[in-house]
Amino acid sequence: QVQLVESGGGLVQAGGSLRLSCAASGSIFSISLMGWYRQAPGKQRELVAIIFNNGITNYADSVKGRFTISRDNAKNTVSLQMNSLKTEDTAVYYCNAVVKSTSWDNNRNYWGQGTQVTVSS
């Protein structure tokens, strides 16, 4: 089994910054992809940013230029630096990882428990 533990959410004023972190632990052979998704009340969960183990990244258009995803492959961690936050960034943010537990295992999708980010006007 693999566990993802997030930290760093909270309340911030519009224009401010927050940094989210996520650490993966457990039975890990390799992690091909790590990322962040978010879900606002009444809305579907949406991709925020992902990063592959070769460093390639992908961002939602709504966060490009404001958010930066980074990853430490040695520590199995991923972070999301969020700058110039807007009220519409308010959501529960979920860490995601695609993990192989052994060399012969299939990739499996894991989620963290979520961390609340609230941006006030």
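These figures come from a predicted structure and were not determined experimentally.
Contact of the Ser70 side chain with the Val78 side chain is not registered, since no non-hydrogen atoms from C-beta on lie closer than 4.5 Å. Side-chain contact check for Asn53 versus Arg71: some heavy-atom pair is nearer than 4.5 Å. A 4.5 Å side-chain heavy-atom check between Asn76 and Ile31 finds at least one atom pair inside the cut-off.
In this structure, Arg38 fails the cation-pi test against Tyr94, since its NZ or CZ atom is not both closer than 6.0 Å to the six-membered ring centre and inside 45 degrees of the ring normal.
We find the CZ-OG distance between Phe29 and Ser101 to be 10.5 Å, quoted to the nearest 0.5 Å. The line from CG of Asn96 to SG of Cys22 is 9.0 Å long, rounded to the nearest 0.5 Å. Atom CG of Leu20 is separated from atom CD1 of Ile69 by 10.0 Å, given to the nearest 0.5 angstrom. The line from OG1 of Thr102 to CD1 of Ile28 is 12.5 Å long, rounded to the nearest 0.5 Å. Once rounded to the nearest 0.5 Å, the distance linking OG of Ser62 with NZ of Lys86 reads 8.0 Å. Atom-to-atom distance recorded for Cys95:SG and Glu6:CD is 5.5 Å, nearest 0.5 angstrom.
Closest approach of Ser21 and Ser79 over heavy atoms only: OG-OG, 3.5 Å. Of all heavy-atom pairs between Tyr37 and Val48, the closest is C-CG2, 3.8 Å. For Asp105 against Lys100, the heavy-atom pair with the smallest separation is O-CE, 3.2 Å. Minimum interatomic distance between Gln3 and Gly26 (heavy atoms only, all atoms of both residues): OE1-CA, 3.9 Å. Contact record, Leu18 with Gly10: CD1-O, 3.9 Å, taken as the closest heavy-atom pair. The two residues Met82 and Val117 make their nearest non-hydrogen contact at CE-CG2, 3.9 Å.
Transitive grouping of hydrophobic side chains (ILVMFWY, heavy atoms separated by less than 4.5 Å) brings Val98 and Phe52 into a common cluster. Tracing side-chain contacts under 4.5 Å through hydrophobic residues (I, L, V, M, F, W, Y), one never reaches Ile56 starting from Met34; they form parts of separate clusters.
Taking a 6.0 Å sphere around CZ of Arg19, one finds it holds more than 12 heavy atoms contributed by other residues, nucleotides or ligands. For Gln44, the CD atom counts as loosely surrounded, since its 6.0 Å shell holds 12 or fewer non-hydrogen atoms of other residues, nucleotides or ligands.
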Report task. Check the pair Thr57, Ile50 against side chain to side chain contact (heavy atoms under 4.5 Å, CB included), reporting the backbone distance first and the verdict last. Result -> CA-CA 6 Å; Thr57 59; Ile50 55 174; over 6 Å; no
Report task. Evaluate the side chain to side chain contact (heavy atoms under 4.5 Å, CB included) criterion for residues Val2 and Ser25: first the C-alpha distance (whole Å), next the side-chain angles of each, then the deciding distance (0.1 Å), finally the verdict. Result -> CA-CA 6 Å; Val2 175; Ser25 63; over 6 Å; no
**Report entry** Ile51/Leu33 under side chain to side chain contact (heavy atoms under 4.5 Å, CB included): CA gap, chis, key distance, verdict
**Finding:** CA-CA 6 Å; Ile51 183 167; Leu33 182 152; over 6 Å; no
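Between Phe67 and Trp36, the ring centre distance reaches or exceeds 6.0 Å.
In this structure, the side chain of Gln39 does not engage the main chain of Val92 through any donor-acceptor pair within 3.5 Å.
Between Asp61 and Lys64 there is a salt bridge, with a side-chain nitrogen of the basic residue lying less than 4.0 Å from a carboxylate oxygen of the acidic one.
In this structure, a donor-acceptor pair under 3.5 Å is present between the side chains of Thr118 and Gln116. Using modelled atom types and a 3.5 Å distance limit, the side chains of Thr77 and Asp72 yield no donor-acceptor pair.
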